[in-house]
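These values consider heavy atoms only, across backbone and side chains, with no hydrogens, waters or symmetry-generated copies.
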Amino acid sequence: MDIEQLKAFNKLRLYCEVEQFKGWDPYDGLNSKVFQSIPFLNRSAICRLIMIQGFKRMPFNMRSLFLVPKEYNSKGIGLFLQGYCNLYSMIEKTGKEDLFGKKEVVLSYIDQLAELLITLRTEGYSGSCWGYNFDWQARRLFLFPKNTPTVVATSFCTTALISAYRITQKERYLTTALSAADFVIQDLHRTPQKRGFLFSYSPIPGNDTVYNASLLGSKILSYCYQYTGKDLYKELAGESVQACCDAQNRDGSWSYGILPVQAWKDSFHTGYNLDCIQEYQTLTGDMTFSTHIETGFKYYMHNFFKRDGTPKYYNDKTYPIDIHCPGQLLVTLFKLRKYPEYKELANRVVNWTITNMQDSKGYFYYQLKQTFSSYISYMRWSNAFMFNALSYYSR
């Protein structure tokens with residue numbers, strides 16, 4: 001990380017700290033107090049969908065006018081927590097508090113965010129789990145009520161708490177994280193495949209066919225296996241990984257999911273898949289899927305990034321350029337230990353992203369489009385994700 005990149009990172013960090021890690025989200029339209037006050041609107045699935053998509057797609061921000069509050073998002077807090085844990089590791093390794101912050105200040109943020117994350121858990125399930133701070137209406141017209149736990153949010157929160165435990169040695173963080181295995185095993189559905197199965201996205205029926213969601217469930221169980229040695233965790237994680245690797249195309253790509261409407265191939269979900277399979281192997285010692293990782297990584301690098309550092313969303317088209325696309329690259333390169341080979345490309349991607357997607361105030365944009373782009377600050381989707389990504393880049 002050069003001096004200009006470090007300045008950009010610290011500018012983002014200061015912005016998020018001043019905002020106290022609260023903010024808006026692309027999908028938080030149903031949090032509008034105006035919308036909630038009109039009963040016939042908030043009872044209609046179509047109206048809910050229009051409200052969410054309208055706020056998400058608008059190039060200008062109407063949230064203050066419609067009384068949408070800035071709030072904590074559990075996945076966002078998990079990403080921030082992981083980012084501060086990475087910073088702490090950098091300070092421990094290099095001693096450069098002048099670059100990465102005072103050690104005791106970073107440690108205080110780790111404790112603050114870890115405790116906050118524990119309070120944000122969704123109650124009423126078999127183990128620790130987390131959801132989002134808004135109702136969400138899916139395109140297929142089923143509703144995720146506010147705080148419905150998902151394996152995606154739970155995975156980011158679980159691994160961040162384990163990182164916080166490694167630094168602080170506070171058993172409360174580890175115990176909370178390890179109980180997420182019970183949520184994965186007992187509350188998520190399983191969709192059988194020829195070999196293995198897929199974990200569902202959430203406990204709600206009808207979202208059982210997404211590969212990255214299933215692999216994030218495997219990732220949770222792999223981390224829990226590392227600390228408990230429970231063979232069931234490794235066995236179930238491996239079955240999910242097997243099913244997802246069986247679904248990998250010959251060229252190394254994955255579709256988003258099984259259904260015809262999930263047939264697209266995108267950048268950051270491919271990165272998720274690679275990370276999770278690598279983490280499974282690292283944490284369990286089962287190296288069965290190394291060829292799948294290598295084939296998938298080659299496809300990922302050859303199809304989602306241009307030579308000048310421009311990140312692509314899809315394998316066959318560039319726009320919209322989503323902030324997750326460059327951000328996930330930095331995490332994937334770290335987890336797969338590929339930085340030495342792809343250092344120059346990573347540097348170009350980081351510089352392109354700072355130049356084109358960081359606001360003068362420090363926050364990052366959600367998406368760039370060929371027509372009207374969104375320059376709204378979204379705390380979870382944009383800022384927490386890039387904070388975490390750049391913290392891996394600094395390592």
Does a donor on one side chain and an acceptor on the other come within less than 3.5 Å for [X] and [Y]?
| X | Y | result |
| --- | --- | --- |
| N249 | Y299 | no |
| D251 | S253 | yes |
| S163 | Q82 | yes |
| D111 | Y173 | yes |
| Q5 | N351 | yes |
| S377 | K361 | no |
| Q262 | T209 | yes |
| H269 | W254 | no |
| S214 | S240 | yes |
| S108 | Q112 | no |

Heavy atoms, side chains only, cut-off 4.5 Å: are Q328 and F385 in contact?
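Yes, at least one pair of side-chain atoms sits under 4.5 Å.
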Side chain proximity check, Q358 to L12, heavy atoms < 4.5 angstrom:
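A side-chain contact under 4.5 Å exists here.
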Kindly say whether the aromatic ring centers of [X] and [Y] come within a distance under 6.0 Å.
| X | Y | result |
| --- | --- | --- |
| F268 | F304 | no |
| Y225 | Y223 | no |
| Y84 | F100 | no |
| F387 | F9 | yes |
| Y256 | W264 | yes |

Kindly confirm or rule out a cation-pi arrangement of K22 over Y72, judged by NZ or CZ under 6.0 Å from the six-membered ring centre and within 45° of its axis?
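Judged by the rule, K22 and Y72 form a cation-pi pair.
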Pi-cation contact, Y339 with R395 (under 6.0 Å, within 45°):
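Here R395 fails the 6.0 Å and 45° test against Y339.
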Suppose we screen for salt bridge (Lys or Arg N to Asp or Glu O under 4.0 Å). Which residues come up paired with D322, at least two apart in sequence or across chains?
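With sequence neighbours excluded, D322 shows a salt bridge (Lys or Arg N to Asp or Glu O under 4.0 Å) to no residue whatsoever.
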Using the test salt bridge (Lys or Arg N to Asp or Glu O under 4.0 Å), find all partners of E235 that sit at least two apart in sequence or belong to another chain.
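Counting only residues at least two positions away or on another chain, E235 forms no salt bridge (Lys or Arg N to Asp or Glu O under 4.0 Å).
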Less than 4.0 angstrom from a charged side-chain N to a carboxylate O is my criterion; do R190 and E239 meet it?
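Answer for the salt bridge query: no.
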Salt-bridge contact K146-D135 (side-chain N to carboxylate O under 4.0 Å)
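Judged by the 4.0 Å cut-off on N to carboxylate O distance, K146 and D135 do not form a salt bridge.
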Students often mix this up, so state it plainly: with edges at 30° and 60°, are the rings of W381 and Y27 parallel, tilted or perpendicular?
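W381 vs Y27 ring planes: tilted.
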Mind checking the [atom1]-[atom2] spacing from [X] to [Y]? Nearest 0.5 Å is all I need.
| X | Y | atom1 | atom2 | value |
| --- | --- | --- | --- | --- |
| N73 | W130 | CG | CH2 | 13.0 Å |
| M1 | L390 | CE | CG | 5.0 Å |
| N303 | D266 | CG | CG | 12.0 Å |
| N133 | S74 | CG | OG | 7.5 Å |

Show the numbers, then the answer: is there a ring pair (Phe, Tyr, Trp, His ring centres under 6.0 Å) between F334 and Y392?
CA-CA 7 Å; F334 181 88; Y392 276 109; 5.0 Å; yes
Q20 atom CD, over 12 foreign heavy atoms within 6.0 Å
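Count not over threshold, so no.
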Short side-chain to backbone donor-acceptor contact, D359 and G362, under 3.5 Å:
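A pair under 3.5 Å: no.
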